[in-house]
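Just so you know, ligand 1 is whichever comes first in the structure, and atom 1 is the first atom listed for that ligand.
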Amino acid sequence: MSSYNPQRTRNLFSAVRGKPFKLSRTKIQDFLDCPRCFYLDRKCGTGQPPGFPFTLNTAVDTLLKKEFDEYRAAREPHPLMVKHEVNAIPFAHPDLDEWRMNLKGIQVLHEPTGFIITGAIDDLWINPAEELIVVDYKATSTSKEITLEEEYRKSYKNQMEVYQWLLRQKGFNVSNTGYFVYVNGDTTKDLFNECLEFETLLFSYEGNDSWVESTLFRIAKCLESDEFPEPGTSCDFCKYRIAIRKHLGDRE
Ligand code: SF4
């Protein structure tokens, strides 16, 4: 049976007025995608039904973390870093495991809005200038060329910039350069044979977190308002909802 609750009473902005309110980097992206659905979710308690869990991606993330942890313990660069001439090693910190946990992550109180901003990173590297480098793992399977330019990958860039912002709030010296470790499942083999092979790619990205703080103020204004914000402009859920309403009319 589905565990989806369309009228949530927990984690509502209205319920914690005056107290710190947790806002994950995913919810910041939800606001950027569509302030109306964000408002319905965080203020009214009706979020969109969850999608299917990406368990294969999670498995790849877990194995990549274990692999990079071996080089972290040895204080050596991973061969991928050597291959791409990244002058850095995996960063070791006593809180790293907590920063990588989905339900914890890096947490920072943004005092002007009272939001506790959270984000769970995949990895951190450190360069000789003692700057932290944010690293995000991505898994996919495509025969198309992978680039960071496709529209939906804007959210990946936002994600990295929120992580860079969070670490700076914690007082770390953070490089604007971040990396996406991209693994692409190879479907050109003749047989599965209980083995999916991946090609590993590395993309660098120059982040700019200057939008984060102003967005937090926009989110606070949105949540404090009694008006429903405008919906996003291109959303399949809304097109579906409008089409359904046309079919059903008053019978809903
Ligand atoms: S466009 Fe409509 S369904 Fe889509 S996210 Fe916004 S309010 Fe929700």
- [ ] Find all atoms of ligand 1 within a distance of less than 4.0 Å from any non-hydrogen atom belonging to Gln48, and give their numbers and elements.
- [x]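 Those of ligand 1 that fall under 4.0 Å from Gln48 are 5 (S), 8 (Fe).
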- [ ] Run the numbers for me: atoms of ligand 1, each under 4.0 Å from some heavy atom of Cys235, listed by number.
- [x]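 In order of number, 1 (S), 3 (S), 4 (Fe), 5 (S).
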Task: Cys37 backbone or side-chain N/O/S under 2.8 Å from atom 4 (Fe) of ligand 1 - done: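 No N, O or S atom of Cys37 is closer than 2.8 Å to atom 4 (Fe) of ligand 1, so no.
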TODO: Evaluate whether atom CZ of Phe54 has more than 12 neighbouring non-hydrogen atoms of other residues, nucleotides or ligands under 6.0 angstrom away.
DONE: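 No.
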Task: Charged N-O contact under 4.0 Å between Lys65 and Asp123 - done: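 Salt bridge: no.
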- [ ] Could you tell me the residue and atom name of the protein heavy atom closest to atom 2 (Fe) of ligand 1, and the distance to it rounded to 0.1 Å?
- [x]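 I find the closest protein heavy atom is Cys238 SG, 2.1 Å.
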Task: Residue, atom name and distance, where the atom is the protein heavy atom closest to atom 6 (Fe) of ligand 1 - done: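 Nearest protein contact, heavy atoms only, for atom 6 (Fe) of ligand 1 is Cys34 SG, 2.1 Å.
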Open item on the list: Quick one, Tyr163 and Asp136 - any side-chain contact, counting heavy atoms below 4.5 Å?
Closed with: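 Sidechains of Asp136 and Tyr163: in contact.
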Task: Given Phe198, Phe68, Tyr182, the one that forms ring pair (Phe, Tyr, Trp, His ring centres under 6.0 Å) with Tyr137 - done: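 With Tyr137 as partner, ring pair (Phe, Tyr, Trp, His ring centres under 6.0 Å) holds for just one option, Phe68.
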Task: Under 3.5 Å side-chain donor-acceptor pair for Glu213 and His110 - done: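 His110 and Glu213 do have a side-chain donor-acceptor pair below 3.5 Å.
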